[in-house]
Peer 1: 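Here you go, one structure.
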Amino acid sequence: MADEPDEPERQGNDGGHFDDAELEAMLENFEEEFHEGEGGSGAGEPADPTGDGPSFEDELEGLLGDKAKAAFICTRLNSAELLAAFCQISDISAECIGSEQGAVAVLHNLDGDGPEAAVKDLTKVVGGLSGLLVVNRADKVEATVYYNGQAGEQLPPPFVFPSLAPFVEDVMLGISTVQDVLAQSDDVVSSDAMGQTRAYGIIAKHTHMGGGQSSIE
């Protein structure tokens with residue numbers, strides 16, 4: 001007898017499924033809360049140019065997966081300067097960090113498929129160079145090998161993290177930020193800070209006859 005008053009209510013929402021009116025009401029509430037959040041977070045303002053932290057728009061895009069939270073191209077190159085030069089001639093904007101496990105390019109363009117386009121360009125322009133793209137989108141981390149401009153095997157991140165610079169795992173898991181890593185590293189070279197003439201000079205300095213085989217492998 002005590003259950004009888006509940007029966008019409010269960011029938012009204014079809015055994016737990018929302019009807020159109022309920023869904024519409026929920027969406028309206030979400031939109032109201034979203035716009036309130038925009039007003040309190042400085043929506044419409046540009047991202048912080050100092051790099052002290054992500055803007056509200058960046059945070060939202062990161063949650064939705066429209067913009068990667070972080071993207072690294074991990075290589076076996078023994079020089080951050082050389083990787084930055086390769087990025088420069090490949091028209092890739094990045095901060096390159098040296099490590100015992102190999103130089104890593106911290107990509108600036110995180111929009112859409114920007115990280116994938118970058119690693120494709122890098123491995124296509126620099127023959128013989130392979131790169132491991134590690135990217136975090138909406139808290140989902142993926143690691144994919146690229147060679148000659150083509151995507152190869154996708155690897156489980158926990159398996160590859162031990163072979164990479166420790167900061168890669170820390171950033172991907174949210175333990176530290178890109179800004180923290182850049183501030184703490186003594187070996188950071190920006191691809192944007194060098195012209196192509198200097199880039200080719202660096203490449204010639206690091207390689208045999210311009211072929212690049214000694215430093216790429």
Side-chain angles (χ1 to χ4, degrees), residues 51 54 58 62 67-137 141-155 157 160-161 163-173 176-196 198-203 205-207 212-217:
D58 288 340
K67 182 174 185 178
K69 291 187 173 183
F72 298 148
I73 300 177
C74 303
T75 73
R76 293 305 181 192
L77 294 173
N78 56 20
S79 166
E81 181 185 53
L82 179 58
L83 180 55
F86 283 149
C87 286
Q88 165 59 224
I89 67 171
S90 303
D91 197 24
I92 296 169
S93 180
E95 303 296 323
C96 297
I97 304 176
S99 78
E100 293 181 359
Q101 294 80 10
V104 177
V106 181
L107 300 178
H108 291 170
N109 181 10
L110 302 177
D111 295 325
D113 64 351
E116 285 78 10
V119 70
K120 286 179 181 179
D121 288 344
L122 179 65
T123 58
K124 183 183 296 183
V125 170
V126 186
L129 176 67
S130 62
L132 177 70
L133 177 68
V134 184
V135 60
N136 180 331
R137 286 191 177 92
V141 180
E142 294 182 343
T144 308
V145 177
Y146 283 80
Y147 189 76
N148 286 338
Q150 299 293 325
E153 185 178 4
Q154 192 170 86
L155 306 173
V160 298
F161 280 152
S163 66
L164 306 177
F167 67 79
V168 174
E169 180 177 9
D170 290 346
V171 171
M172 290 296 155
L173 298 183
S176 62
T177 67
V178 168
Q179 289 76 19
D180 293 336
V181 172
L182 294 175
Q184 295 167 7
S185 178
D186 295 327
D187 187 11
V188 180
V189 184
S190 173
S191 65
D192 298 333
M194 64 175 68
Q196 288 211 347
R198 182 186 169 199
Y200 281 113
I202 291 171
I203 294 170
K205 180 180 73 173
H206 281 273
T207 61
Q213 295 302 313
S214 63
S215 295
I216 291 176
E217 296 296 329

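Sequence positions, counted from 1, serve as the residue numbers for this chain. Being a predicted model, the structure only gives us computed values, none of them experimental.
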Peer 1: Just by distance, do the side chain of Thr75 and the backbone of Ala103 share a donor-acceptor pair under 3.5 Å?
Peer 2: yes
Peer 1: Does Ala94 offer a backbone N or O that forms a donor-acceptor pair with the side chain of Ser191 under 3.5 Å?
Peer 2: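 Looks like yes, one N/O pair under 3.5 Å.
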Peer 1: Could you tell me whether a side-chain N or O of Asp170 sits under 3.5 Å from a main-chain N or O of Phe167, the two making a donor and an acceptor?
Peer 2: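 No, Asp170 side chain to Phe167 backbone: no donor-acceptor pair under 3.5 Å.
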Peer 1: Has the side chain of Asn148 got a donor or acceptor atom that lies under 3.5 Å from a matching backbone atom of Lys124?
Peer 2: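 No.
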Peer 1: With a 3.5 Å distance limit and no angle check, can you tell me whether Asp111 reaches the backbone of Asp113 through a side-chain donor-acceptor pair?
Peer 2: no
Peer 1: Roughly how far, to the nearest 0.5 Å, is the CG atom of Asp192 from the SG atom of Cys87?
Peer 2: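 Interatomic distance, Cys87 SG to Asp192 CG, rounded to 0.5 Å: 9.5 Å.
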Peer 1: Begin from the C-alpha positions of Leu164 and Val134 and carry the test side chain to side chain contact (heavy atoms under 4.5 Å, CB included) through to its verdict.
Peer 2: CA-CA 10 Å; Leu164 306 177; Val134 184; 4.1 Å; yes
Peer 1: List the steps and the verdict of side chain to side chain contact (heavy atoms under 4.5 Å, CB included) for Leu132 and Leu155.
Peer 2: CA-CA 9 Å; Leu132 177 70; Leu155 306 173; 4.3 Å; yes
Peer 1: For residues Ser90 and Val126, report the shortest heavy-atom separation together with the two atoms involved.
Peer 2: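 Ser90 and Val126 have their closest heavy atoms at OG-CG2, 4.4 Å.
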Peer 1: Looking only at heavy atoms, what is the nearest atom pair of Val141 and Pro157, with distance?
Peer 2: O-CG, 3.4 Å
Peer 1: Looking only at heavy atoms, which two atoms of Ala80 and Ile97 are closest? And how far apart?
Peer 2: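 Reported closest heavy-atom pair: CB-C, 3.7 Å.
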Peer 1: Where do Val168 and Cys74 come nearest, in terms of heavy atoms and distance?
Peer 2: CG2-SG, 4.0 Å
Peer 1: Using the test salt bridge (charged side-chain N to carboxylate O under 4.0 Å, His left out), find all partners of Glu81 that sit at least two apart in sequence or belong to another chain.
Peer 2: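 Here the qualifying residues are Lys205.
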Peer 1: Give a yes or no answer on whether the side chain of Ser130 reaches the backbone of Tyr147 with a donor-acceptor pair at less than 3.5 Å.
Peer 2: no
Peer 1: Any idea which heavy atoms bring Ala70 and Leu110 closest together, and the distance?
Peer 2: C-CD2, 4.2 Å
Peer 1: Between Ala151 and Thr144, what is the shortest heavy-atom contact and its length?
Peer 2: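 Where Ala151 meets Thr144 most closely, the heavy atoms are CB-CG2, 4.3 Å.
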Peer 1: Does Arg137 pair with Glu116 as a salt bridge, N-O distance under 4.0 Å?
Peer 2: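 Result for this pair is yes, salt bridge flagged.
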Peer 1: Hey, what do you get for CG (Leu133) to OH (Tyr146), rounding to the nearest 0.5 Å?
Peer 2: 5.5 Å
Peer 1: Counting only N and O atoms by type, is there a donor-acceptor contact under 3.5 Å from the side chain of Thr123 to the main-chain atoms of Leu129?
Peer 2: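 A pair under 3.5 Å: no.
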Peer 1: Hey, mind stepping through Val181 and Ser176 against side chain to side chain contact (heavy atoms under 4.5 Å, CB included) and telling me if it holds?
Peer 2: CA-CA 7 Å; Val181 172; Ser176 62; 4.1 Å; yes
Peer 1: Is there a donor-acceptor pair under 3.5 Å between the side chain of Ser185 and the backbone N or O of Leu182?
Peer 2: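 No: the side chain of Ser185 does not pair with the backbone of Leu182.
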Peer 1: Answer yes or no: is there a side-chain heavy-atom contact under 4.5 Å between Ser190 and Cys96?
Peer 2: no
Peer 1: Show your working on side chain to side chain contact (heavy atoms under 4.5 Å, CB included) between Leu122 and Phe86 and close with a plain yes or no.
Peer 2: CA-CA 7 Å; Leu122 179 65; Phe86 283 149; 3.8 Å; yes
Peer 1: For Met194, is there any backbone N or O sitting under 3.5 Å from a side-chain donor or acceptor partner on Gln88?
Peer 2: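 Such a contact is found between Gln88 side chain and Met194 backbone.
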Peer 1: Do Ile89 and Ile203 come within less than 4.5 Å of each other through their side chains, counting heavy atoms only?
Peer 2: yes
Peer 1: Rounded to the nearest 0.5 Å, what separates atom NE2 in His108 from atom CD1 in Ile92?
Peer 2: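 Answer for the NE2-CD1 pair, His108 versus Ile92, is 11.5 Å.
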Peer 1: Could you tell me whether Asp91 atom CG has more than 12 heavy atoms of other residues or ligands within 6.0 Å of it?
Peer 2: no
